[in-house]
Amino acid sequence: MNTFNLHKEVLRSIPSDAPEWFGFEEEKRCIEDALVGSMRQRRPCGIILQGAWGAGKTHAAKYFSAKPFEYFSREGIAYGGITSIYLEGPKVGSPSFAQFFHRVFNAIGFRRLRLAMEQIMTSGQTDQFEETLYAECQDEDVLTVLRSIPTNELPARAVLLGKSTTKQRTQIGIIRDFKTEFEMSLLLRGLFLLLSWPSTAGGLPSRVLLWVDELENLIYMRESQIQQFSQHFRTFWDHSHNVTVVLSFSFSDPTESGTIDGVLTSALVERISDRIIFDYPDAGKTESYLVDLLEALSSANLREVEQRYPFTATGFEKLVGLATGQTPRTVNEAVLRIIQSAEANREAEGTERLIDEVEVERHFTSQMAESD
Amino acid sequence: LIALQDVEIAGKSVLEFARENLRLTATDILADEVDRRLVGGLLHRGEGGLWLRKYRHVARGQQIRDDWAGLKPFCSGTPPGDNSKGEVSAAWLAIAHSTRAFESVIFVTDDKKARNLFFDKLSDHFPLVRVFETLDFVRALVLCASAEKRILLPHAVSALKDSIAAKARNTTPSGMSDASRAELTNRLIRESAIQQEKIKIAYEVLNSPTI
């Protein structure tokens with residue numbers, strides 16, 4: 001007997017690559033508004049997502065990265081699209097810009113660069129693109145490498161990775177590799193200009209979103225290393241007019257921006273234009289989150305039968321009460337625990353009764369105690 | 001030492017500042033420990049070498065007890081074992097320095113066990129012996145340097161952030177669960193904010209105009 005017949009993969013506590021995002025309509029809208037706002041301005045923009053661990057920030061990043069953002073319009077203005085690049089945060093160790101550059105390059109993928117360059121060439125905008133690129137980077141070699149992407153794939157890839165041979169550089173027509181962190185920041189500007197060039201989005205304004213997660217990990221790093229990293233990051237960011245950087249920071253008191261800023265360097269803080277707070281959800285938000293979650297949990301035929309399945313009305317009410325003020329990650333883990341424990345009981349009893357408030361309380365409380 | 005060696009005040013090692021402003025001393029047992037850490041790669045060669053050559057010598061020239069029995073009145077619970085030999089000898093060294101001359105002794109440790117073992121009580125009974133965590137020690141050095149107008153507030157804040165980062169790296173066990181690590185990170189962020197606030201207020205006082 002498969003007692004509850006639910007899609008339990010919905011209850012993942014770690015977001016998948018293309019997740020649905022239940023509830024949190026206000027946060028969704030705030031992020032969308034901030035993104036559209038940043039697209040209206042042809043200048044570098046910064047957004048920070050502040051929330052407790054498990055509040056849904058990474059989920060938001062993956063949701064927006066997976067969501068197609070092409071040819072949309074807002075308030076009568078048409079936009080070409082958004083290219084999202086998601087990066088996990090810096091880990092313990094030294095946050096070098098070279099390491100960052102290679103992670104960005106891997107996240108973009110060479111194929112995406114080749115397609116963008118091909119589109120520019122077929123749309124006859126090569127000269128215009130190269131002119132803009134040179135104005136932004138002031139570097140002939142960046143121009144030459146990007147130009148060679150569609151025709152000299154292997155050498156171009158080797159140069160972008162900083163691992164080219166003399167022969168490969170000669171093939172492309174440059175004399176140096178991009179080895180220093182400053183050169184990498186120039187190259188990054190070029191790559192982001194390429195990805196946000198209007199010809200890749202039907203001639204409409206488009207933008208690159210760079211999501212940098214888990215910035216709270218900076219607390220483990222030496223100031224001299226952070227300063228060095230942020231200096232190069234700033235060089236690239238300040239000159240990338242079509243880039244919005246979305247930083248994510250986990251802290252148990254997400255409204256305390258001063259405390260959060262104390263961990264980030266001033267170079268980052270000064271470039272933040274929007275702060276989006278993922279606060280602990282109240283009862284209303286928790287209920288709407290749980291309703292969405294349970295709908296997704298139920299298989300298609302069950303969805304229409306009972307919105308709160310597999311809970312009784314009072315069981316659901318109890319669940320909302322206990323889950324209020326908890327992060328979605330905690331709620332997901334608790335709901336999974338409740339369902340699994342209840343399932344085991346049903347198997348033993350040979351019944352299919354719904355989960356009541358007594359079971360909800362017992363299993364939720366034991367899950368919380370284990371988490372502590 | 002491991003926690004302090006990567007902390008900088010305005011580009012200069014905090015241990016350099018300590019050398020300039022304080023008399024540093026190590027017992028033989030601590031020096032042996034330094035030697036082991038040096039071999040294990042946890043301690044930078046230059047710093048470890050100094051402690052082995054120079055500061056060990058300072059302690060060696062003196063007759064210092066190293067038995068735990070005399071420290072019994074301070075010791076609550078189980079008597080210290082072989083693992084605490086370093087603490088026992090450091091305690092006697094601190095007593096010697098604070099009584100033979102009217103000299104204030106700062107014992108720097110982040111080891112809560114060592115504090116609970118007898119250092120906190122020792123400090124209660126020998127008022128010239130103070131026990132500092134590395135963060136308080138760095139803050140004291142920063143203020144000392146700042147009073148001489150050598151460093152600015154942003155540098156002081158950076159030094160404290162370095163101390164927290166070093167403490168975090170040295171105390172985070174490997175294989176920690178994500179939830180525990182998130183909890184630890186929260187505590188560190190909170191501590192960082194408190195330390196920054198303290199140093200800002202101290203700077204305000206130091207730089208306040210004379211009326």
Side-chain angles (χ1 to χ4, degrees), chain A residues 13-15 50-55 57-58 88-95 213-228 230 248-267 269 326-327 329-330 332-334 367-372, chain B residues 2-14 16 44 134-135 138 142 151-201:
Chain A
S13 57
I14 307 294
Q50 301 173 188
W53 181 74
K57 302 176 301 298
T58 305
E88 272 181 20
K91 300 292 175 200
V92 176
S94 65
D213 207 354
E214 300 165 339
L215 275 179
E216 67 280 3
N217 281 337
L218 291 179
I219 196 83
Y220 293 88
M221 292 165 195
R222 288 175 64 180
E223 272 291 288
S224 54
Q225 292 167 331
I226 298 173
Q227 296 291 349
Q228 204 181 7
S230 44
S248 163
F249 194 105
S250 290
F251 183 49
S252 53
D253 295 297
T255 52
E256 283 187 26
S257 299
T259 302
I260 291 170
D261 293 353
V263 177
L264 302 170
T265 60
S266 55
V269 173
Q326 303 292 341
T327 62
R329 181 174 289 158
T330 308
N332 281 14
E333 285 168 0
Q367 171 66 27
M368 294 300 286
E370 270 177 34
S371 310
D372 288 346
Chain B
I2 294 167
L4 287 170
Q5 66 182 343
D6 288 329
V7 179
E8 288 181 353
I9 306 178
K12 189 172 171 181
S13 160
V14 75
E16 276 297 316
H44 300 331
T134 49
L135 264 167
V138 170
V142 160
I151 65 159
L152 303 169
L153 181 61
H155 291 131
V157 168
S158 289
L160 291 173
K161 286 164 87 176
D162 264 357
S163 302
I164 287 171
K167 185 177 162 187
R169 288 196 302 271
N170 293 319
T171 53
T172 308
S174 56
M176 208 177 195
S177 73
D178 287 348
S180 307
R181 187 177 156 99
E183 188 55 45
L184 173 69
T185 308
N186 268 330
R187 279 208 306 274
L188 294 167
I189 294 169
R190 174 71 57 210
E191 189 167 11
S192 176
I194 292 168
Q195 291 290 338
Q196 288 182 44
E197 192 54 31
K198 280 184 182 173
I199 200 84
K200 275 177 200 159
I201 292 172

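Each chain gets a letter, A, B and so on, in the order its sequence line appears, and its residues count up from 1. None of these values were measured; they are calculated from a predicted model.
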Among Val157(B), Thr185(B), Ile189(B), the residue with the most heavy-atom pairs under 4.5 Å to chain A is Ile189(B)

With a 4.5 Å cut-off on side-chain heavy atoms, are Ser192(B) and Ile219(A) touching? yes

State the CZ-OG distance between Arg222(A) and Ser158(B), to the nearest 0.5 angstrom. 12.0 Å

SB check Glu216(A) Arg181(B) (cutoff 4.0 Å): no

Under a 4.5 Å heavy-atom cut-off, does chain B meet the side chain of Glu214(A), its backbone, both or neither? neither

If you define the side chain from C-beta out and look only at heavy atoms, does anything of Trp53(A) sit under 4.5 Å from Asp178(B)? yes

Looking only at Thr259(A), Thr265(A), Asp261(A), the option with the highest number of non-hydrogen pairs under 4.5 Å against chain B is Thr259(A)

Within the structure provided, determine whether Gln225(A) and Asp6(B) are in side-chain contact (heavy-atom separation under 4.5 Å). no

Between CG of Leu188(B) and CG of Leu218(A), what distance do you get to the nearest 0.5 Å? 12.5 Å

Please state whether the side chain, the backbone, both or neither of Ser250(A) comes within less than 4.5 Å of a heavy atom of chain B. backbone

Do Arg190(B) and Phe251(A) have side chains that get closer than 4.5 Å, going by heavy atoms? yes

Does Ser224(A) offer a backbone N or O that forms a donor-acceptor pair with the side chain of Glu8(B) under 3.5 Å? no

Between CE on residue Met221(A) and NZ on residue Lys161(B), distance to nearest 0.5 Å: 12.5 Å

